[in-house]
Amino acid sequence: MSCLQKIICRLDSPKNRVLAFSSQKLFTTFTRQLTVPSFPPNQQTLKSLCSNGQVTEALLEMATLGPEMKFKGYDTLLNACLNQRNLRGGRRVHAHMIKTCYHPPVYLRTRFIIFYNKCDCLSDARQVFDEMRERNVVSWTATISAYSQRGGIYSSEALNLFIQMLRSDIEPNEFTFATVLTSCANDSGFQLGKQIHSLIIKSNFESHIYVGSSLLDMYAKAGKIHEARGVFDCLPERDVVSCTAIISGYAQLGLDEEAMELFRKLQVEGMSSNYVTYASVLTALSGLAALDLGKQVHNHVLRFEMPSYVVLQNSLIDMYSKCGSLSYARRVFNHMSERTAISWNAILVGYSKHGMGREVVELFKLMREENKVKPDAVTYLAVLSGCSHGGMEDRGLEIFDEMVNCKDGVQPEIEHYGCVVDMLGRSGRVGKAFEFIKKMPFEPTAAIWGSLLGACRVHSNVDIGEFVGRRLLEIEPENAGNYVILSNIYASAGRWEDVRSVRELMKEKAVTKDPGRSWIELDQTLHTFHASDRSHPRREEVFAKLKELSIKLKEAGYIPDLSCVLHDVDEEQKEKILLGHSEKLALTFGLIGTPEGTPIRLIKNLRICVDCHNFAKFVSKVYGRKVSLRDKNRFHHIVEGTCSCGDYW
DNA sequence: TTAGGGTTAG
């Protein structure tokens with residue numbers, strides 16, 4: 001028996017053949033000389049060879065297969081490559097198929113679409129799809145899915161493909177609907193999404209759990225939470241995804257109390273939760289600044305060993321920083337084994353909102369030095385805003401220049417220009433800020449003018465303030481805040497006639513202010529107050545204490561700032577309105593509800609008014625309390641009569 | 001063979 005025959009004899013079992021392939025150079029040489037082995041391989045052999053990275057050898061084996069077995073052989077090879085995300089191997093299989101003039105059926109071509117997509121080669125997947133003469137619902141859905149998974153600019157192509165699919169008379173199935181709806185969860189796709197909803201009803205898929213989840217998510221992302229809830233309530237069965245989708249729908253729209261209420265209700269009904277559910281719940285708790293409840297969720301997550309999910313940790317960072325506990329947020333950040341740009345952004349935003357500019361700049365430097373994660377547009381927003389709020393304006397302007405020079409490949413967008421306006425205005429360079437706006441490559445938004453108007457008020461620049469204020473009243477006539485600031489600017493210059501005219505204008509336009517709301521967490525319960533609110537069970541105590549405060553603080557030098565009230569009423573009435581502001585009620589409740597010396601943590605849904613800010617400063621001084629107040633924009637840490645915002649917010 | 005929910009944003 002020759003050497004070659006001996007080797008072939010030993011290769012009867014698939015296991016031995018693989019071993020031989022892996023270990024004996026000699027054998028490979030012989031096999032290549034043979035080109036066509038003398039017996040057909042079975043699927044296990046092909047799979048094993050491919051899994052061992054020996055795609056070329058596996059393809060040589062394919063030569064012995066009859067045409068009817070080739071389909072199965074290629075499928076096996078491709079599956080092995082797919083499991084290992086072996087792009088090179090998959091490409092070889094593809095090339096071999098073309099070279100040997102094998103015409104794969106729809107199934108196999110679709111598998112290649114899926115393979116290329118999973119290997120992140122969208123253009124190859126698309127090429128396979130485009131070259132198909134015949135397509136079925138799976139090949140269409142797999143291609144649509146490749147685009148919808150990527151989101152963003154790819155969503156419109158997913159929708160185009162879906163329309164083409166309908167035109168080619170292929171009926172979508174539940175997979176197609178569940179997929180395509182994810183591409184409708186944006187402003188441009190919503191109208192088509194509603195039409196697809198009609199189609200879903202006609203096709204009787206509305207109650208399908210995957211389709212229903214996708215549908216309710218689309219409505220929630222379009223801000224149509226009632227429609228989303230309608231779809232959810234009609235689902236015959238619910239699972240963790242559909243429940244999480246509706247909870248996160250509420251949370252993403254800032255309907256935090258509703259999100260928590262529904263979460264509790266569904267928990268009672270026995271819903272199961274996973275790390276995505278907790279990430280969404282933490283978003284709602286961040287909005288509510290419910291620290292104690294947030295800690296409870298954190299403990300639960302640790303107990304159930306879910307701590308290593310990056311998404312969950314990012315949510316924890318955000319929750320702790322928005323609840324005022326930056327040290328906890330930093331601890332979570334420090335202990336992460338893997339960080340994404342969102343992890344960095346969340347902690348940077350945290351420091352930024354607390355006015356800690358130096359920490360923002362240091363952390364950003366560390367992010368660049370580590371060079372593991374690239375800063376994105378949000379990173380720059382956090383850093384520029386952090387510099388602005390944290391007294392690091394000049395460093396912020398340098399960082400903006402670096403952005404313009406494309407240091408990290410992130411182009412400044414209009415929001416970044418807005419940060420620069422804020423920085424210039426904050427540091428007193430109001431004229432420069434005005435010039436900067438004029439030269440911007442974008443049309444200034446109301447927010448940008450609003451930022452400059454605030455600067456004009458603080459730095460008493462009546463000329464620019466008047467121009468900007470009048471401009472704002474034209475483009476944003478419904479925003480009561482603009483009238484208040486313009487009126488403040490006129491009042492500071494003693495232009496009482498103009499103050500009156502702004503007031504008249506406001507009345508004429510029937511401007512309504514967003515209702516102000518403040519709350520405080522005591523014993524894991526959120527106590528909410530509206531202006532002049534008399535609904536709280538301890539209202540009598542609150543108002544009695546408020547009266548006492550008014551007297552005591554005035555003795556200490558507090559003078560109510562009546563210019564914060566635009567109602568046309570007498571001075572006594574104005575003072576009464578001011579004293580009824582929701583943040584004063586919540587602060588007073590904090591004083592009576594906590595032991596002496598305990599820090600008080602408040603949250604306001606809008607920007608705090610100048611008078612309430614001053615009031616809180618006097619409370620901190622007279623009553624020896626640290627007051628931490630989170631308003632719409634940032635944290636105010638008030639100690640001994642001084643605020644961390646430096647009276648500019 | 002194809003499918004749904006998630007974290008950061010002045």
Side-chain angles (χ1 to χ4, degrees), chain A residues 75 78-79 82 105-115 117 136-146 148-149 172-182 185 205 208-218 220-221 232 235 239-249 251-252 274-283 286 309-319 321-322 340-350 352-353 376-382 384-386 388-389 413-423 445 447-448 450-451 454 632-634 649:
Chain A
D75 190 33
L78 189 57
N79 265 333
L82 180 61
V106 176
Y107 170 89
L108 203 50
R109 289 178 194 267
T110 307
R111 295 292 293 154
F112 272 100
I113 295 175
I114 297 159
F115 169 77
N117 178 40
N136 62 16
V137 62
V138 182
S139 40
W140 277 102
T141 306
T143 311
I144 293 170
S145 171
S148 63
Q149 278 165 13
N173 63 13
E174 64 273 37
F175 289 78
T176 325
F177 284 126
T179 302
V180 75
L181 284 171
T182 61
F205 281 124
H208 188 280
I209 192 152
Y210 278 57
V211 178
S213 309
S214 209
L215 197 53
L216 78 87
D217 185 58
M218 177 196 76
K221 290 208 168 86
F232 178 75
L235 284 177
D239 64 4
V240 62
V241 176
S242 51
C243 290
T244 305
I246 188 70
I247 291 168
S248 94
Q252 281 167 9
N274 63 15
Y275 77 102
V276 182
T277 323
Y278 289 115
S280 303
V281 165
L282 285 167
T283 303
S286 295
Y309 291 106
V310 177
V311 168
L312 193 49
Q313 288 174 310
N314 293 345
S315 283
L316 283 167
I317 294 171
D318 181 56
M319 182 276 292
S321 72
K322 287 194 179 143
T340 62
I342 295 179
S343 324
W344 287 93
N345 296 349
I347 191 74
L348 285 165
V349 167
S352 163
K353 287 211 182 269
D376 63 14
V378 180
T379 317
Y380 274 103
L381 279 182
L384 295 175
S385 160
S388 190
H389 280 281
E413 293 158 27
I414 186 143
E415 291 86 354
H416 301 104
Y417 280 85
C419 288
V420 173
V421 172
D422 203 51
M423 279 189 283
T445 58
I448 289 180
S451 155
K632 200 181 171 195
N633 286 347
R634 58 166 292 156
W649 65 95

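Lettering of chains follows the sequences in order, A, B, ..., and the numbering in each one begins at 1.
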Sugar-phosphate, base or nothing in reach of A:Val378, heavy atoms under 4.0 Å: base
N or O in side chain of A:Gln252 less than 4.0 angstrom from B:dT7 OP1/OP2: yes
Of the listed nucleotides B:dG4, B:dG10, B:dT1, the one nearest the side chain of A:Cys419: B:dG10
Side chain of A:Val241 - closest among B:dG5, B:dT2, B:dT8: B:dG5
Candidates B:dT7, B:dG6, B:dA3 - which lies nearest the side chain of A:Asp318: B:dT7
Test side-chain contact (heavy atoms from CB on, under 4.5 Å) applied to A:Val310 and A:Ile342, step by step: CA-CA 9 Å; A:Val310 177; A:Ile342 295 179; over 6 Å; no
Touch class at under 4.0 angstrom, heavy-atom based, for A:Ser388 against every strand present: nothing
Shortest side-chain distance from A:His208, nucleotide among B:dA3, B:dG6, B:dT7: B:dA3
Side chains of A:Ser242 and A:Asp239, donor plus acceptor under 3.5 Å: yes
Polar side-chain atom of A:Thr182 near backbone of A:Ala178 as donor-acceptor pair, under 3.5 Å: no
Nearest-neighbour nucleotide for the A:Val311 side chain, B:dT8, B:dA3, B:dG6 considered: B:dG6
Sugar-phosphate only, base, or nothing, as touched by A:Val240 at under 4.0 Å among non-hydrogen atoms: base
Spacing of A:Lys353 atom NZ relative to B:dA9 atom C1', expressed in whole Å: 8 Å
Sugar-phosphate only, base, or nothing, as touched by A:Glu415 at under 4.0 Å among non-hydrogen atoms: nothing
Chi angles and distances behind the side-chain contact (heavy atoms from CB on, under 4.5 Å) call for A:Ser385, A:Ser352: CA-CA 6 Å; A:Ser385 160; A:Ser352 163; 3.2 Å; yes
Pair A:Thr445-A:Glu415, side-chain contact (heavy atoms from CB on, under 4.5 Å): steps then yes or no: CA-CA 9 Å; A:Thr445 58; A:Glu415 291 86 354; over 6 Å; no
Options B:dG6, B:dT7, B:dA3, nucleotide nearest the side-chain atoms of A:Thr179: B:dA3
Donor-acceptor pair (no angle test) under 3.5 Å: A:Asn274 side chain, B:dG5 base: yes
Between P of B:dG6 and CD of A:Gln149, the distance in whole Å: 15 Å
Proximity to the side chain of A:Thr277 - top-ranked nucleotide from B:dG5, B:dT1, B:dG4: B:dG5
Plane angle bin for A:Tyr309 and A:Tyr275 - parallel if under 30°, tilted between 30 and 60°, otherwise perpendicular: parallel
Between B:dA3 (P) and A:Ile114 (CD1): distance, integer Å: 7 Å
Under-3.5 Å donor-acceptor pair between A:Tyr275 side chain and B:dG6 base: yes
base_contact_polar (B:dG4 base, A:Asp239 side chain, donor-acceptor, <3.5 Å): yes
Distance below 4.0 Å between A:Ser145 side-chain N/O and B:dA3 OP1 or OP2: yes
Touch class at under 4.0 angstrom, heavy-atom based, for A:Lys322 against every strand present: sugar-phosphate
Spacing of A:His389 atom NE2 relative to B:dA9 atom C1', expressed in whole Å: 13 Å
Protein-nucleotide distance (A:Leu235, atom CG; B:dA3, atom C1'), rounded to Å: 15 Å
Whole-Å distance separating the CD1 atom of A:Ile414 from the C1' atom of B:dG10: 12 Å
Side-chain N,O (A:Lys221) to OP1/OP2 (B:dG4) below 4.0 Å: no
Atom-pair distance (CD1 on A:Ile144; P on B:dA3), nearest Å: 11 Å
For atom CD1 of A:Ile317 and atom P of B:dT7, their distance in whole Å: 14 Å
Base B:dG4 paired with A:Ser214 side chain (donor-acceptor, <3.5 Å): no
Sugar-phosphate, base or nothing in reach of A:Asp75, heavy atoms under 4.0 Å: nothing
Within-4.5 Å side-chain heavy-atom neighbours: A:Thr244 and A:Val241: no
Touch class at under 4.0 angstrom, heavy-atom based, for A:Ile209 against every strand present: base
Touch class at under 4.0 angstrom, heavy-atom based, for A:Thr110 against every strand present: base
Of the listed nucleotides B:dT1, B:dT8, B:dG5, the one nearest the side chain of A:Arg111: B:dT1
Distance-only donor-acceptor test (3.5 Å): side chain A:Ser213, base B:dG4: yes
